[in-house]
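Notes for the one structure printed next.
All residue numbers refer to positions in the sequence shown, counting from 1. In each ligand, atom 1 is the first atom listed, and ligand 1 is the first ligand listed.
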Amino acid sequence: MSEQLAIAGGTPVLQRSDYQNWPIIGEDDRRLINEVLDRGIVAGGTAPQVAALESEWTAYVGARHCLTTSSGTAALHMALAAVDVGPGDEVITSAFTFLASASCALHQNAIPVFVDIDPRTYNMDPAKLEAAINERTKAIIPVHIQGLPADMDLIMEIARKHGLYVIEDACQAHGAEYGGRKVGSIGDVGTFSLNNFKNLCGGEGGLFTTDDEMYLKKGLLLRCFGDEIDEVSHRRIYNASILGYMYRNQELPAALARAQLMHLDERNAVRIANANYLTQELGKIPGVIPPYCPPECKHVYFMYNVRFDPQAAGVDCERRRFRIAVEKALFREGMLVGQWQTMPVPAQDIFQSKLGYGRSSYPWAVNEANGIQYDYSVEAYPVVRMLCDTYTIVHGIHAPNGLDLMKRFIEAFHKVFGNLDQALAHADDEIYPGADGKLYGAG
Ligand SMILES: Cc1ncc(COP(=O)(O)O)c(C=O)c1O
């Protein structure tokens, strides 16, 4: 039955007020934050909330050691420095990720190399990994994208075969599991972000996990200026033995993260139930491709990713234009949809221009001086380009939003897909507040 879409002047299915906010702030958050205020200790590398978060996170993830950090980006950089990645080394990561999975290599004077993704999981494609390895490769950073674990068995096997370190970028995947093991406990080092959007939120912050005592000790030095600690008094002696940074976290974010951790599994379960419902219902609409989760994985749906296929929808339209038309129509129906990354990471200006630091384009210049060329042509990442043409994120699947809201989403999808002629007629409407493809940012 034909209905007037909101983009064509009809009534929207949803209102912004139908959505509830993330993160959820409750009694546990207030209690632990108040503990910090009442105690009067607000920071310190071994302060009570930080220390408690570290031990609770090791127990949760199943790793021996954990260090809190000021961000996920700091944890990634610390991880590369801890395993001794250095100038001219190459670090392989996915071409569909957040910049920090690659810029952490630049921060260590190393050179990021990108691998295209699997078209079903959107994670690094292990079949393309070996071709990117050479004698300069030192580490692999698999990213558990949008909450779905990367193919860790194959990645670990390839890494061990070539003697490479594996740093897991689990910044989007708190509580996700691969073969029954929590991500962040599988590689040499695991890294997590605690920023406000994440499944585990501390406002800002990060976590560094490892089983290896050597990486823990190096991480402790790196986190605090490279300063040595006196073994008897456990105090800093203000004598830096290595180049370090200031990557400590604080008591208030650590307290918030601890309180949020008490509810992580229950809130992940809400995301999973919402996602499973959407996947089941969206799978019935020709032209809508819901996310895929391999049987060995537990996906925690930091983001819910949907793709659109004009041919399957029975429409003669170029794929990118079709996605934009559908995205705009859904947005006008009141849905919070829009893209996160809009291009492969190597397509970003920093890699195209290779303007790192210094006048000579470091760190690339380290190897280019020896005749090695780095080419970040976007043609090398056809699957990421296909994904970026065709995907959108359906926001709002987090708790406390539940199936009632998900049913409204499905209603909006049916309305738009039942009236694609109207959506396509409005594909050029100026409704984007920002860059092309950005309706509603995920951060
Ligand atoms: C995949 C990925 N890696 C790294 C980071 C960096 O984390 P943070 O923002 O805490 O530095 C993020 C977070 O935005 C991320 O999504």
(message) Can you tell me how the ring of His398 sits relative to the ring of Trp22, calling it parallel under 30°, perpendicular over 60° and tilted otherwise?
(response) tilted

(request) State plainly whether the residues Arg223 and Glu54 are in salt-bridge range, i.e. N to O under 4.0 Å. (result) yes

(message) For Tyr391, run the ring-ring contact (aromatic ring centres under 6.0 Å, His included) check against Phe322, Tyr304, Phe96 and tell me which one passes.
(response) Phe96

(request) Report the part of Val143 (side chain from C-beta onward, or backbone N, CA, C, O) that has a heavy atom under 4.0 Å from ligand 1; answer both or neither where that applies. (result) side chain

(message) Side chains of Gln108 and His77: any donor to acceptor distance under 3.5 Å?
(response) yes

(message) Under 4.0 Å, heavy-atom basis, I'd like to know which part of Thr191 is in contact with ligand 1: side chain, backbone, both or neither.
(response) neither

(message) Quick check: Thr97 and ligand 1, any N/O pair under 3.5 Å apart?
(response) no

(message) Please determine whether any non-hydrogen atom of Ala75 lies less than 4.0 Å from an atom of ligand 1.
(response) no

(request) Give the numbers and elements of all ligand 1 atoms closer than 4.0 Å to a heavy atom of Cys171. (result) 2 (C), 3 (N), 4 (C), 5 (C), 12 (C), 15 (C)

(message) Under 3.5 Å, is there a donor on one side chain and an acceptor on the other for Gln49 and Glu35?
(response) yes

(message) Tell me if the aromatic rings of Phe114 and Phe351 count as close, with their centers under 6.0 Å from one another.
(response) yes

(request) Would you indicate which of Phe98, Phe197, Trp340 comes nearest to atom 12 (C) of ligand 1 when only heavy atoms are counted? (result) Phe98

(message) Tell me whether Lys182 forms a cation-pi arrangement with Tyr60, defined as NZ or CZ under 6.0 Å from the six-membered ring centre and within 45 degrees of its axis.
(response) yes

(message) Taking only non-hydrogen atoms of Ile145, do any sit less than 4.0 angstrom from ligand 1?
(response) no

(message) Nearest non-hydrogen contact with atom 1 (C) of ligand 1 belongs to which option: Asp169, Asn195, Leu194, Leu207?
(response) Asp169

(message) Does ligand 1 come near enough to Lys198 that some N or O of the ligand is less than 3.5 Å from an N or O of the residue?
(response) yes

(message) Give the atom numbers and elements of ligand 1 that come within less than 4.0 Å of a heavy atom of Gly205.
(response) 10 (O)

